[in-house]
Amino acid sequence: MKKLEYISTRDENKKVTASKAIVSGLSDDGGLFIPESFENIKFNLDELYSLPYRELTKSILKPFLDDFSEEQISLSVDEAYKDKFDIEELVNIIPINNSYLLELWHGPTSAFKDMALTLLPHLLTASSKNINENNEIVILTATSGDTGKAALEGFKDVDNTKIIVFYPKDGVSYAQEKQMVTTEGSNTSVISVVGNFDDTQNAVKEIFNDQEFNNYLFENGFKLSSANSINIGRLLPQIVYYYYSYFNLVNNGVIKLGEPVNFVVPSGNFGDILAGYYAKLTGLPVNKLVCASNKNNILTDFFTTGEYNIDREFFKTTSPSMDILISSNLERLLYDKLKDSKAVEALMKDLKENNFFKLNPELFKEFLAEYATEDEVFNKIKEVYKSNNVLIDPHTSVGVVVKDKLEKELGEIPTIILSTANPYKFPKTVYESITGNESSENELDLQEKLEAITGIKRPEPLKDLKNKKVNHSKNVTKEDMKNSIAEILIEEK
Ligand SMILES: *Cc1c(COP(=O)(O)O)cnc(C)c1O
């Protein structure tokens, strides 16, 4: 069979192996790597439905990573998912109201990004070996809060790697910041940036595309790579839980194998939901993929009107990991729909120069989109708690609000809502919603109070945050980010 190659969304003549795509992160033409075709990647549901999570992961990754040996995949998965999760099967599916919550936050940093970021370092190390990359890999990451910590935990003390995380100083929650700046490990750096997430992410993208700077680093023994969802190695492990949760409903008699389900995905950079789209392309019976947004509802507008317009107000919300105007992974969907890198490039050029592009919304029939206001997010947390005795975080609440708003469109088909963070990561909003009282107390104290009121346990890693030592405190402007990388890697050597 023909080898699977990865192409750039901005140049389909550029073809690389999976290993090369993972090590590179971004293509040097600014595009994102995607499988050249999904035609030969079709999963047989009958063979997969009874597999435990780790084995399912190996089966799903295999055709995507076809320059990996089976042993490399197997060892990577076993090592990554060994004992970092607080439940045996990594994820949990619980019924609420008349749908299902897929809890993806049982990993080390209590957000769904752990599902991929525990695995990525292992995939990257194997990839590096496969392409004989001798330089030290430097993970450069912009974070809206959760990626940063998950990547730091994943890469901390991994041989022959360094990780540098940039986050917007005022764009992450107190607990998120605290989690990041208390990170240990001799190869980790965490730096805050003046500005919002889009500024930080754009600056990181520019650094990736700065050939001169990359050459300079290369001559000094370093190769930049990305742990953001622009890296295809981040997306692939996320396909697995779509299959797993589907099979869970099958195995519990909710649906028969082959019957469709809907997924509601709280979205920001569009990586998580894109993995759902890839699940659909590879054979999972998905009816609708629902793109759920917060008040920054650019994706809702895009899917309903076809217009992607970033000339709009940016809001800081209680679901900061979704406070994004430029959703990087949308580019991958655009390529899949247009199958024409020149057209994608033109759209991205429009976006850069005119802050705008437009497509026919009919192209995206398998998607639905809706958003939640801050009031709706706030009230839904309490409502879900009262009626189900379940705490949800503000991101998950966006998903539940949107599910309820689209009740009619989703019909009788079972709906799985992705629960993307543990509620104790955002204790202020959750506490205030549940009690109806405003509080100016420290978020870490509120975690304790919330636990006392509800009897619902906090995850272990969030418990001792208060007493942890701050190891990182640097703050820079976006113009200074490049310098600080050079300082960390070269000038300090
Ligand atoms: C990152 C994140 C999201 C958004 O996921 P994308 O892949 O960026 O769309 C939603 N919720 C939480 C808690 C997150 O950390």
Side-chain angles (χ1 to χ4, degrees), residues 32 101-117 120 141-153 165 167-168 171-173 175-176 179-180 197-198 200-201 226-232 234-239 241-242 263-279 289-294 296-300 302-303 317-333 367 369 371-372 377 381 392-402 417-427 429-430 459 462:
L32 308 184
L101 268 191
L102 167 57
E103 295 175 352
L104 298 170
W105 39 256
H106 288 275
T109 75
S110 309
F112 91 91
K113 294 186 172 71
D114 287 327
M115 302 303 299
L117 279 167
L120 183 64
T141 286
T143 184
S144 56
D146 292 328
T147 295
K149 182 59 179 177
L152 286 162
E153 282 306 306
V165 168
Y167 69 94
V172 301
S173 83
Q176 285 177 319
Q179 271 189 312
M180 287 192 280
F197 176 66
D198 285 315
T200 311
Q201 171 161 266
S226 166
N228 280 95
S229 53
I230 53 175
N231 193 319
I232 191 75
R234 256 289 290 282
L235 285 181
L236 301 177
Q238 296 181 353
I239 300 172
Y241 46 74
Y242 286 91
F263 287 97
V264 177
V265 190
S267 293
N269 226 351
F270 208 72
D272 203 5
I273 192 166
L274 189 80
Y277 181 68
Y278 285 176
L289 287 161
V290 181
C291 178
S293 298
N294 65 23
N296 293 298
N297 57 359
I298 187 164
L299 287 168
T300 315
F302 174 66
F303 282 109
T317 73
T318 52
S319 42
S321 300
M322 297 161 63
D323 289 343
I324 294 174
L325 294 184
I326 302 175
S327 293
S328 303
N329 282 291
L330 192 63
E331 182 168 341
R332 287 189 161 109
L333 178 67
F367 288 87
Y371 76 101
V377 170
I381 295 171
I392 55 172
D393 94 290
H395 303 77
T396 305
S397 181
V398 168
V400 180
V401 169
V402 164
I417 304 166
L418 275 61
S419 176
T420 50
N422 181 284
Y424 285 104
K425 258 197 125 154
F426 303 93
T429 309
V430 178
L462 291 181

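Order of listing sets the numbers, starting from 1, for every ligand and every atom in it.
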- Message: Side chains of Arg332 and Asn329: any donor to acceptor distance under 3.5 Å?
- Response: yes

- Answer with yes or no whether the side chains of Thr143 and Thr141 bring together a donor and an acceptor at under 3.5 Å. no

- Message: Closer than 3.5 angstrom, by distance alone: can the side chain of Asp198 be matched with the main-chain N or O of Leu325 as a donor-acceptor pair?
- Response: yes

- Message: Under a plain distance cut-off of 3.5 Å, with no hydrogens placed, do Ser226 and Asn231 share a side-chain donor-acceptor pair?
- Response: no

- Test side-chain contact (heavy atoms from CB on, under 4.5 Å), reference Ser419, set Val400, Leu102, Thr396, output is Thr396

- Report yes if Ile324 has an N/O atom closer than 3.5 Å to an N/O atom of ligand 1; otherwise report no. no

- Just need the protein heavy atom nearest to atom 11 (N) of ligand 1, so name the residue and atom and give the distance. Thr420 OG1, 2.8 Å

- Query: Can you find an N/O atom of Ala421 closer than 3.5 Å to an N/O atom of ligand 1?
  - Reply: no

- Message: What protein heavy atom lies closest to atom 9 (O) of ligand 1? Include the residue and the distance to one decimal.
- Response: Gly268 N, 2.7 Å

- Item | For atom 7 (O) of ligand 1, closest protein heavy-atom neighbour | Asp272 N, 2.8 Å

- Task: Please verify whether a non-hydrogen atom of Trp105 lies at under 4.0 Å from ligand 1.
- Result: no

- Item | Candidate with minimal heavy-atom separation from atom 8 (O) of ligand 1, of Asn269, Leu104, Leu235 | Asn269

- Message: So for Ser267, does at least one of its heavy atoms come nearer than 4.0 angstrom to any atom of ligand 1?
- Response: yes

- So with a 6.0 Å cut-off around OH of Tyr371, is the heavy-atom count from everything else above 12? no

- If you scan protein heavy atoms around atom 14 (C) of ligand 1, the nearest is Lys113 NZ, 2.8 Å

- Identify the closest protein heavy atom to atom 10 (C) of ligand 1: which residue and atom is it, and at what distance? Pro266 O, 3.5 Å

- Any donor-acceptor N/O pair, Asn228 side chain to Ile230 backbone, under 3.5 Å: no

- Those atoms of ligand 1 less than 4.0 Å from some heavy atom in Asp146: 12 (C), 13 (C), 14 (C), 15 (O)

